[in-house]
Each structure stands twice: as structure tokens, then as C-alpha cells.
J.: 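Have a look at this one before I ask anything.
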Amino acid sequence: MIRAALTVAACLALCLVLCLSAACSLAPEWAGGDAGSSLDMEGDHTTEVSLGVGDPLTLEVRSPEPGGYELAGTYFDSDRLDMTSFKILPGEDGDPDQLEYLFTALAPGQALVEVRVRAKGIPDAPIEVYKRVLVTIEE
């Protein structure tokens, strides 16, 4: 009987913590927390997004390799954004298919993210902007 009461109390405490933290971005999305922004850049060259300080931003970009280009780096304002993760996701054939970037907003203001490419196999090829995102970060 006492064990059942403790189990119920623990479950209620967990529910209370999840409900109270759902108002901030600390709670997971399934618990009502903020999922941040996720942008699939398929077909878009330039886009804009607004975030709050501490919010995550996920960018999904098709690999430039099938078009004869290779990744030449990613530019972003490190005073306003932190790149917390970068993944190259393979397609069914094992070749790079998707690039996935995860950023966290650090400080208010505007920040630019540019995914840069160059012609594949030509080291001195000019660098071009493949995808561009203007990020507005609010308090």
C-alpha cells in the first residue's frame, strides 16, 4: 500500500515538473516544450527565420555533390549562433544525400548562415554560396 502511494506520488511529481517546464524550451517536444525551428532548404537558396535566445535551429540541406559541387565550408556568426551538430546523412546508395546542421541561438540580433560550395575536384574553383539563411534572434 505504501509502495503504491509512493509510485503514484512519484508519477504526479514527474507530471508536475514536465508541465511546469513546458513553458520553457527545457522540456522535450513530446512534453510540450519548444521544438525550435526546422528548415528544409530543398529548392530554396535564401530564407529567413526568427528565434529566441536559447532556441535551436535545424537546417536540412540537400548535398551539393550530385550537382557536381562539394562542400567548401559553412559561415555563421559565432557570437550569435553556436553550431552544436553537423551531420552528413547518406542516401540509399551510401553517397552523401543530406547535410544536417543544428545551431543554438546565443544572443539577440541578426546572424547570417551560409553553406558554401565549389566545383567538385577543382581545388582553386571559386567558392559560391549554396544556401543562405538570415536569422533574427530576439530576447
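FYI, the numbering just counts along the sequence from 1.
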J.: What are the two closest non-hydrogen atoms of Leu81 and Ala105, and how far apart are they?
T.: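 That would be CD2-CA, 4.0 Å.
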J.: If you take all heavy atoms of Glu60 and Gln98, which pair is closest and at what distance?
T.: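 In this case the closest contact between Glu60 and Gln98 is CB-NE2, 3.6 Å.
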J.: Considering residues at least two apart in sequence or located in another chain, which fulfil the side chain to side chain donor-acceptor pair (under 3.5 Å) criterion with Lys87?
T.: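 Once residues adjacent in sequence are excluded, Lys87 has no partner under the side chain to side chain donor-acceptor pair (under 3.5 Å) criterion.
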J.: Test of understanding: with side chain to side chain contact (heavy atoms under 4.5 Å, CB included), list the residues that count as partners of Leu106, not counting sequence neighbours.
T.: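 With neighbours one apart ignored, the set is Asp82.
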J.: What residues form a salt bridge (Lys or Arg N to Asp or Glu O under 4.0 Å) with Glu70, not counting sequence neighbours?
T.: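 Once residues adjacent in sequence are excluded, the partners of Glu70 under the salt bridge (Lys or Arg N to Asp or Glu O under 4.0 Å) criterion are Arg118.
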J.: How would you list, by chain and number, every residue that makes a side chain to side chain donor-acceptor pair (under 3.5 Å) with Arg132, sequence neighbours excluded?
T.: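 Residues passing side chain to side chain donor-acceptor pair (under 3.5 Å) with Arg132: Glu114.
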J.: What pair of heavy atoms forms the shortest contact from Leu99 to Ser63, and how long is it?
T.: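 For Leu99 and Ser63, the tightest heavy-atom pair comes out as CG-CA, 4.3 Å.
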J.: State, to 0.1 Å, how close Leu51 and Ser37 come at their nearest heavy-atom pair, and which atoms those are.
T.: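 The pair with the smallest heavy-atom distance is CD2-OG, 3.5 Å.
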J.: Hey, quick one: are Phe86 and Leu59 part of the same hydrophobic cluster, counting side-chain heavy atoms closer than 4.5 Å, chains of contacts allowed?
T.: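 Yes, it is one cluster - the side chains of Phe86 and Leu59 are joined through contacts under 4.5 Å.
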J.: Return the CD1 to CD distance between Ile88 and Glu100, rounded to the nearest 0.5 Å.
T.: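 Spacing of CD1 (Ile88) from CD (Glu100) equals 11.5 Å.
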J.: At what distance, to the nearest 0.5 angstrom, does CD1 of Ile127 lie from OH of Tyr69?
T.: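 With rounding to 0.5 Å, CD1 (Ile127) is 13.0 Å from OH (Tyr69).
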J.: Nearest heavy-atom pair of Pro90 and Asp97: which atoms, and what distance?
T.: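 Result for this residue pair: C-CB, 3.9 Å.
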J.: Would you say Thr84's side chain and Leu102's backbone share a donor-acceptor pair under 3.5 angstrom?
T.: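 Here the side-chain-to-backbone pair exists.
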J.: Supply the atom-to-atom distance Leu57 CG to Ser38 OG, rounded to the nearest 0.5 angstrom.
T.: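 It is 8.0 Å, given to the nearest 0.5 Å.
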J.: Are any of the side-chain heavy atoms of Val135 and Leu112 separated by less than 4.5 Å?
T.: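 Not touching, per the 4.5 Å side-chain cut-off.
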J.: Is it true that, when you exclude Tyr130 itself, more than 12 heavy atoms of the residues, nucleotides or ligands shown sit nearer than 6.0 Å to its OH?
T.: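 Atom OH in Tyr130 is packed in, count exceeds 12.
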J.: Using every non-hydrogen atom in the two residues, find where Ile137 and Gly52 come nearest and quote the distance to one decimal.
T.: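 So the minimum-distance heavy-atom pair works out to CG2-C, 4.1 Å.
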J.: To the nearest 0.5 Å, what is the distance between OG1 (Thr136) and CD (Gln110)?
T.: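 Interatomic distance, Thr136 OG1 to Gln110 CD, rounded to 0.5 Å: 4.0 Å.
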J.: Mind checking side chain to side chain donor-acceptor pair (under 3.5 Å) for Thr47 and listing every partner two or more places apart, or none if nothing turns up?
T.: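 For Thr47, no residue satisfies side chain to side chain donor-acceptor pair (under 3.5 Å) once neighbours in sequence are set aside.
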J.: Side-chain contact test, heavy atoms from C-beta onward, threshold under 4.5 Å: evaluate it for Phe103 versus Met83 and give yes or no.
T.: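 The answer is yes; the side chains approach within 4.5 Å.
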J.: Taking the side chain as everything from C-beta on, heavy atoms only, tell me whether Val129 gets closer than 4.5 Å to His45.
T.: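 When only atoms from C-beta onward are counted, His45 and Val129 do touch, with a gap below 4.5 Å.
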J.: Applying side chain to side chain donor-acceptor pair (under 3.5 Å), name anything that partners Thr74, two or more places apart in sequence or on another chain.
T.: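 Thr74 satisfies side chain to side chain donor-acceptor pair (under 3.5 Å) with Tyr101 only.
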